[in-house]
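Structure first, then comments.
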Amino acid sequence: MPPTKELEKNHVTYMHTVSEAGRLLPSSSRWNAIALDFSLTPKSSASYESLPSQYPKSVDCNLVITDKKHFHIFIFVTVAIIFAIIAVALLVNFLPQKHNHQDSSINLKLAINQALTFYDAQKSGNYPKNSPVKYRGDSGLKDGNSEKTNLIGGYYDSGNNIKFTFTTAYTMTLLSWSAMEYQSKYADIDELDHVKDIIRWGTDYLLKAFIPPNGSNLTLYSQVGSTISTNNQQNDISCWQRPEDMSYARPVSVCDGSATDLAAEIVAALSASSMVFKEDKDYSGKLVQAAENIYEAVMNEDPKKQGTYTSVVACGNQARMLYNSSSYKDELAWGATWLFLATKETQYLANATEYFLSAKNDETNLDKQVFYWNNKLNAVAVLLAGIRYFQDPGFPYEDVLKLSSNSTHSLMCSYLFKKYMSRTPGGLIIPKPENGPLLQYAATASFLSKLYSDYIDHLKISGASCETDEFSVKMLRDFASSQVNYIVGQNPMKMSYLVGYGDKFPVHVHHRSASIPWDKRTYNCDDGKTWLNSRNPNPQVLLGAMVGGPDTNDNFIDQRSNQRFTEPTIASNAGLVAALVALQDLPNNSDGLKNSLWEWT
């Protein structure tokens, strides 16, 4: 027989499959595939007549109709049932679908607008005249002068006047992620331009926060402002002063390529935001090119020198008391994952899976169930699971991507079942036992759980399992709603921890701009102490700020000097924004979620 005939007879198509995706995809490789013989029908009856067939054969049963009346009734009923089934199917398909997963008493559109407005209040630099926040002005216009560079712009981190590059980059990454997953929702409530403006203000600053290597080492600027006083000089912590009135020195912390976590966090932010601005090809290209330049510099660094930025005195000693970084491998996985999503270059996926596996092996119980500025490993797992489900790269990544899916399922179970994670009496999760601000963890948990419910819902899967437990799409969405509901007022204190939302919210927020009157007068550091210690409510409402929140017993102290309870941060608010928009209803007349990251249409 000629070779071509032999190939036709034994033709085998190789496929590979992702069980969660519920589909088979063609594969060019036999090694990550299963062999399927699609020649289901015998080519020659003569050749196979002696073999017992595995396919059903027709059988002549010699049926006889003895009662035509009953037969006609049977035919009529059968046809009626068929038409009824078709009618129901059509109704289900064409009637408007409701996606009201959130308590109808929660005004998510208003909450999203307010939570975004908080970032307008945190802007540094030449303050925009069209800002909705009217008690802010130009500030920090000499930032960077001490290092003969321009570091004007960016965001003040919290209630103080310091700018941290690490948390700014994390914030921009998370906001960009939410904008890619839920762009149609942002657009439907007229907040897409708002969130893009906030992201661009941050990425414009991040582009200033590094000098790419040009025959020398990578240079990164990790911080503007000081947390440590020298010779009792005033600084951003000791002085309670509006940023517009700052007159004390604002030193710049400088790092090199050994600040692996900081560099990788910037890579993540620039990569993620490049997709948000993909319609602006010049700016998007500038962002992704900068990300690749930084990433290349990090990869060229001696592995023995790689580490956390806060472990180096000149680079992160000033940040250590507020944002001590405990690892860098999660940032490497985070940055490489976003760079892959932005460029589709498989070398970055290879790096992402390698670092994810390494970080999982080094994971400690301390941060195992959280996603926040110091640990992105759980967020990386969700993203890699998305890559597995919706891009399905197959060999040689499948084993690690399957691990990411399993890790995500374990994370979801930790949110849902109290045996894995304790809660306050009012239902707020407590993923970290120490007495720190809890709401930041609840917000990101709400976002990830709602997001993952959308992933598996898009796959037409009703739920999943982890070890001995099972969960459904509804369980994930109910949990996500419960944490946001708690934050905006459904808690034992009957207090909305989103400032300005509802009838009762914190009025002594730990925040310099909000607590000092905006009356065209200049207040020095000593004047500011009067406002810090005042028992009067803040003269300005810091609209949309999520404060630190209650303790593990649901108790809250509305006291300006107690920043554990009353201080907001840009990083924490990013988690809340993401959770709120994830829970927002789909646009009217929508037939399903449109997703820019995975290109669902």
Side-chain angles (χ1 to χ4, degrees), residues 151 153-155 164-181 195-196 198-214 216-222 255-301 306 309 325 328-356 359 373 376 379-380 383-384 386-387 391 574 596-597:
L151 293 175
Y155 290 96
F164 294 103
T165 305
F166 192 60
T167 52
T168 297
Y170 164 79
T171 300
M172 296 307 110
T173 309
L174 185 46
L175 290 177
S176 296
W177 188 5
S178 74
M180 291 301 296
E181 298 277 9
V195 72
K196 290 174 74 172
I198 291 165
I199 294 168
R200 185 155 187 161
W201 191 274
T203 52
D204 282 349
Y205 178 78
L206 292 176
L207 288 171
K208 301 176 182 179
F210 74 97
I211 301 176
N214 185 15
S216 60
N217 289 331
L218 173 69
T219 299
L220 301 163
Y221 301 111
S222 65
C255 315
D256 60 20
S258 65
T260 312
D261 51 349
L262 175 60
E265 191 65 60
I266 297 173
V267 169
L270 298 179
S271 301
S273 60
S274 74
M275 293 185 284
V276 174
F277 299 107
K278 62 183 177 182
E279 294 179 358
D280 185 343
K281 293 183 179 180
D282 290 341
Y283 189 65
S284 178
K286 183 179 181 180
L287 292 172
V288 78
Q289 184 62 58
E292 290 191 286
N293 289 341
I294 298 173
Y295 187 80
E296 182 180 3
V298 171
M299 291 298 98
N300 290 334
E301 187 72 27
Q306 290 182 335
Y309 86 104
S325 179
Y328 64 89
K329 291 182 179 178
D330 59 314
E331 278 84 20
L332 282 175
W334 179 241
T337 300
W338 280 111
L339 201 48
F340 166 71
L341 289 169
T343 66
K344 302 299 187 289
E345 294 288 340
T346 55
Q347 68 187 52
Y348 299 130
L349 179 59
N351 293 152
T353 52
E354 176 188 349
Y355 292 130
F356 175 74
W373 59 265
K376 294 90 184 181
V380 173
L383 281 172
L384 291 179
I387 291 171
Q391 297 184 357
S596 298
L597 182 60

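The chain is numbered in sequence order, starting from 1. Keep in mind that the numbers below use all heavy atoms, side chains included, and drop hydrogens, waters and symmetry copies. None of these values were measured; they are calculated from a predicted model.
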Exercise. For Lys196, which residues count as a salt bridge (charged side-chain N to carboxylate O under 4.0 Å, His left out) partner, sequence neighbours excluded?
Worked result: none
For this session: Give the minimum heavy-atom separation between Ala209 and Leu151, together with the two atoms involved.
Result: CA-CD2, 4.3 Å
Exercise. Which value, rounded to the nearest 0.5 Å, describes the distance between Ser178 atom OG and Leu597 atom CG?
Worked result: 11.0 Å
For this session: Under the side-chain contact (heavy atoms from CB on, under 4.5 Å) rule, collect the residues that match up with Ala264, sequence neighbours excluded.
Result: Glu331, Leu332
Exercise. What are the two closest non-hydrogen atoms of Leu174 and Ala574, and how far apart are they?
Worked result: CD2-C, 3.7 Å
Exercise. With sequence neighbours left out, which residue pairs that include part of residues 259-280 fulfil the ring-ring contact (aromatic ring centres under 6.0 Å, His included) condition?
Worked result: Phe277-Tyr283
Exercise. What pairs meet the salt bridge (charged side-chain N to carboxylate O under 4.0 Å, His left out) rule with one or both residues in residues 257-273, with sequence neighbours excluded?
Worked result: Glu265-Lys376
Problem set entry | Point-to-point distance, once rounded to the nearest 0.5 Å, from OG1 of Thr165 to CG of Leu220 | 8.0 Å
Exercise. In chain order, what residues pass the side-chain hydrogen bond (donor to acceptor under 3.5 Å, both in side chains) check against Trp177, with sequence neighbours excluded?
Worked result: Glu181
Seminar exercise, completed: Residues at least two apart in sequence or cross-chain that pass ring pair (Phe, Tyr, Trp, His ring centres under 6.0 Å) with Phe166, listed by chain then number, are Tyr309
For this session: Report the C-alpha separation of Thr203 and Val276 in whole Å, then their side-chain angles, then the decisive distance to 0.1 Å, and conclude whether the side-chain contact (heavy atoms from CB on, under 4.5 Å) test is met.
Result: CA-CA 11 Å; Thr203 52; Val276 174; over 6 Å; no
Problem set entry | Distance-minimising heavy-atom pair for Lys329 and Ala359 | CB-CB, 3.9 Å
Seminar exercise, completed: Tightest non-hydrogen contact, residues Leu218 and Ile211, listed as CD1-O, 3.5 Å
Seminar exercise, completed: Those residues at least two apart in sequence (or on a different chain) that pass ring pair (Phe, Tyr, Trp, His ring centres under 6.0 Å) with Tyr295 are Tyr348
Exercise. By ring pair (Phe, Tyr, Trp, His ring centres under 6.0 Å), which residues pair with Tyr170, not counting sequence neighbours?
Worked result: Phe371
For this session: With the side chain counted from C-beta on, respond yes when Val298 and Glu301 share a heavy-atom pair under 4.5 Å apart, and no when they do not.
Result: no
Exercise. Closest approach of Leu206 and Ala169, non-hydrogen atoms and distance?
Worked result: CD1-CA, 3.9 Å
Problem set entry | Pairs flagged by salt bridge (charged side-chain N to carboxylate O under 4.0 Å, His left out) wherever residues 275-298 is involved - sequence neighbours left out | Arg200-Asp280
For this session: Look at the side chain of Thr173 and the backbone N and O of Ala269, then say whether any donor-acceptor pair between them is shorter than 3.5 Å.
Result: yes
Exercise. CG of Asp330 to OG of Ser325: how many Å apart, nearest 0.5 Å?
Worked result: 7.0 Å
Exercise. Under the side-chain contact (heavy atoms from CB on, under 4.5 Å) test, which residues partner Ala333, sequence neighbours left out?
Worked result: Tyr355, Phe356, Val380
Seminar exercise, completed: So OG of Ser271 and CD1 of Ile266: to nearest 0.5 Å the spacing works out to 11.5 Å
For this session: Determine whether Trp334 and Val267 make a side-chain contact, defined as any pair of heavy atoms from C-beta on separated by less than 4.5 Å.
Result: no
Problem set entry | Any residue meeting side-chain hydrogen bond (donor to acceptor under 3.5 Å, both in side chains) with Lys208, in chain and number order, not counting sequence neighbours | none
Listing, residues 338-347 side-chain donor-acceptor contacts under 3.5 Å, not counting sequence neighbours, or none:
unit_1	atom_1	unit_2	atom_2	d
Thr343	OG1	Leu339	O	2.8
Thr343	OG1	Glu345	N	3.2
Lys344	NZ	Leu341	O	2.9

For this session: Please round to the nearest 0.5 Å and tell me the distance separating atom CG of Leu262 and atom OG of Ser222.
Result: 6.0 Å
Exercise. Under a 4.5 Å cut-off applied to non-hydrogen side-chain atoms, are Tyr155 and Tyr205 in contact?
Worked result: no
Exercise. Taking all non-hydrogen atoms of both residues, which atom of Leu207 and which atom of Phe210 are closest, and how far apart?
Worked result: O-CE2, 3.8 Å
Exercise. Going by heavy atoms in the side chains, are Ile387 and Thr337 under 4.5 Å from each other?
Worked result: yes
